[in-house]
K.L.:
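Before I ask anything, here is the structure I am working with.
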There are 2 protein chains.
Amino acid sequence: MDKTVYLDAARRHCESRGCRLTELRQQVLELVLEHPGVVKAYQILADLQRERGVAAPPTVYRALDFLVEQGLLHRVEALNGFILCHHFDCPHDGLILVCERCGGVEELDATGCLTSLTDAMSAVGFTPRAQNLVLTGTCRSCQA
Amino acid sequence: MDKTVYLDAARRHCESRGCRLTELRQQVLELVLEHPGVVKAYQILADLQRERGVAAPPTVYRALDFLVEQGLLHRVEALNGFILCHHFDCPHDGLILVCERCGGVEELDATGCLTSLTDAMSAVGFTPRAQNLVLTGTCRSCQA
DNA sequence: CAACGGCATGTTACTGTATAACATCATACA
DNA sequence: TGTATGATGTTATACAGTAACATGCCGTTG
Ligand SMILES: [Zn+2]
Ligand SMILES: [Zn+2]
Ligand SMILES: [Zn+2]
Ligand SMILES: [Zn+2]
């Protein structure tokens, strides 16, 4: 998807949810957009400092938290990082695959793949919050 | 399982894998044993300092990493913590359920629940490393 | 207009998490 | 006895995240 198209869609997505994609938030989103795969908060912080002179951690974390809240980014706990979600407009169970060798990240739509997991959980009375599963392994091109 | 029995089993487990459960490693394991649910590295560090006077982060992290390596502990990335594994002797796909309300943690054996996930992954050529899935949600007693 | 309320952002300072790099010690084995 | 290997100690630092409070922005309302 083209960058401007993506940003427009993101803006409309936020507004349809009663939130504003402010200049700062958009700027952070654009910075994330410039990194393939997983990006770290402090990387964004450095980028932001490069663009604006000053910026402190809370500035970045607030923007990132907002973007996660809106579904534009996914948090990848296992890596202390964030990745772009390319289909934020349809609610989905994400399955994030992280390659141990090349560091590449890929998001699958796991909606429908989780029934047996869900069954096992309800058997013990556990109600999962909608979220993303993260798995590490080896991607196709790194199988070698 | 009784504590001494557990420790003996753990020691044999390590030795059968060609590793040694040294005094320090066992001491750390015992400290983890004393905490229900998830325990943090710096909590163990504090415990260790109480018992031995001095201890630095690398000491604790090395021991914890070792125990994870041996399968005696699971790392819970999402919480920056560790939990005991009660069936380290049989290889398993763990499913760790973390309750957002009470902080309780429960490990399910998810072996066999992951076929559709595995299918989805092989469809894109991804080979997962054996590991644990972590999900947050609400446990039975906190449903209210 | 002026005052207010809300939300977004700025700023400072701190807590918590984790590792690099190098020194030392123990043990086993040639 | 020397030497290699793995475990531990020690210092210092990097990386991640948040609390608390100040300031600015903007739409509403009297
Ligand atoms: Zn997604
Ligand atoms: Zn790869
Ligand atoms: Zn387990
Ligand atoms: Zn609970």
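Order of the sequence lines sets the chain letters (A, B, ...), proteins ahead of strands, with each chain counted from 1. Values in this document were obtained by computation on a predicted structure and should not be read as measured data.
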K.L.:
How long is the span from the CZ atom in A:F82 to the CG atom in A:L72, to the nearest 0.5 Å?
P.N.:
13.0 Å
K.L.:
Which parts of residues 28-53 of chain A get close to DNA chain D, meaning a heavy atom less than 4.0 angstrom away?
P.N.:
A:K40, A:Y42
K.L.:
For DNA chain C, note the earliest and the latest nucleotide, 5' to 3', having some atom under 4.0 Å of a heavy atom belonging to chain A.
P.N.:
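Under 4.0 Å from chain A, the extent on DNA chain C is C:dA8 to C:dT12.
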K.L.:
I need the minimum non-hydrogen distance between A:G37 and A:V105, along with the two atoms involved.
P.N.:
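Looking at all heavy atoms of both residues, the closest pair is CA-CB, 4.4 Å.
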K.L.:
Between A:K40 and A:L45 (side chain of the first, backbone of the second, donor and acceptor by atom type, cut-off under 3.5 Å), is there such a pair?
P.N.:
no
K.L.:
Would you find a donor on one side and an acceptor on the other, under 3.5 Å apart, between the side chain of B:Q49 and the backbone of B:A55?
P.N.:
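Yes, the answer is positive, given that a donor and an acceptor are paired below the 3.5 Å cut-off.
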K.L.:
Between A:D65 and B:R62, which residue's closest nucleotide on DNA chain D lies nearer the 5′ terminus?
P.N.:
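Here B:R62 is the residue nearer the 5' end.
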K.L.:
Who are the salt bridge (Lys or Arg N to Asp or Glu O under 4.0 Å) partners of A:E77, not counting sequence neighbours?
P.N.:
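With sequence neighbours excluded, A:E77 shows a salt bridge (Lys or Arg N to Asp or Glu O under 4.0 Å) to A:R75, given in chain and number order.
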K.L.:
Considering all heavy atoms of both residues, which atom of A:A10 and which atom of A:L29 are nearest to each other, and what is their separation?
P.N.:
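Closest approach of A:A10 to A:L29: CB-CD2, 3.9 Å.
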K.L.:
Can you give me the closest heavy-atom contact between A:L108 and B:A120, atom names plus distance?
P.N.:
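Residues A:L108 and B:A120, closest heavy atoms: CD2-O, 3.6 Å.
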K.L.:
Give the minimum heavy-atom separation between A:T138 and A:C99, together with the two atoms involved.
P.N.:
CA-SG, 4.1 Å
K.L.:
Can a side-chain donor-acceptor contact be found between B:Q27 and B:E23 if the only test is distance below 3.5 angstrom?
P.N.:
no
K.L.:
Expected output is a numbered-order residue list: members of residues 6-13 of chain A with a heavy atom under 4.0 Å from any atom of DNA chain D. What is it?
P.N.:
none
K.L.:
Go nucleotide by nucleotide along DNA chain C from the 5' end; which of A:R25 and B:Y61 gets its closest nucleotide reached first?
P.N.:
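Looking at DNA chain C, the more 5' nearest nucleotide goes with A:R25.
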K.L.:
How many angstroms lie between atom CG of B:L133 and atom CG of B:L97, to the nearest 0.5 angstrom?
P.N.:
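Rounded to the nearest 0.5 Å, the CG-CG separation comes out at 10.0 Å.
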K.L.:
Before we go on, tell me: are the rings of B:H74 and B:H92 under 6.0 Å apart, centre to centre?
P.N.:
yes
K.L.:
First locate atom CZ of B:R140, then atom CE of A:M121, and finally report the distance between them rounded to the nearest 0.5 Å.
P.N.:
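Here the rounded value is 13.5 Å.
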K.L.:
What residues in residues 17-24 of chain A put a non-hydrogen atom under 4.0 Å from any atom of DNA chain D?
P.N.:
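Nothing qualifies; none.
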K.L.:
How far does OG1 of B:T22 sit from CZ of B:R11, to the nearest 0.5 angstrom?
P.N.:
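Answer rounded to 0.5 Å: 9.0 Å.
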K.L.:
Is the closest basic N to carboxylate O distance between B:D47 and B:R50 below 4.0 Å?
P.N.:
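Salt bridge flag = yes for B:R50 with B:D47.
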K.L.:
In this structure, would A:L24 and A:L64 fall into the same cluster of hydrophobic residues linked by side-chain contacts under 4.5 Å?
P.N.:
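Yes, A:L24 and A:L64 fall within the same hydrophobic cluster.
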K.L.:
Can you pull the contact range of chain B along DNA chain D, 5' to 3', using atoms under 4.0 angstrom from its heavy atoms?
P.N.:
D:dA7 to D:dT11
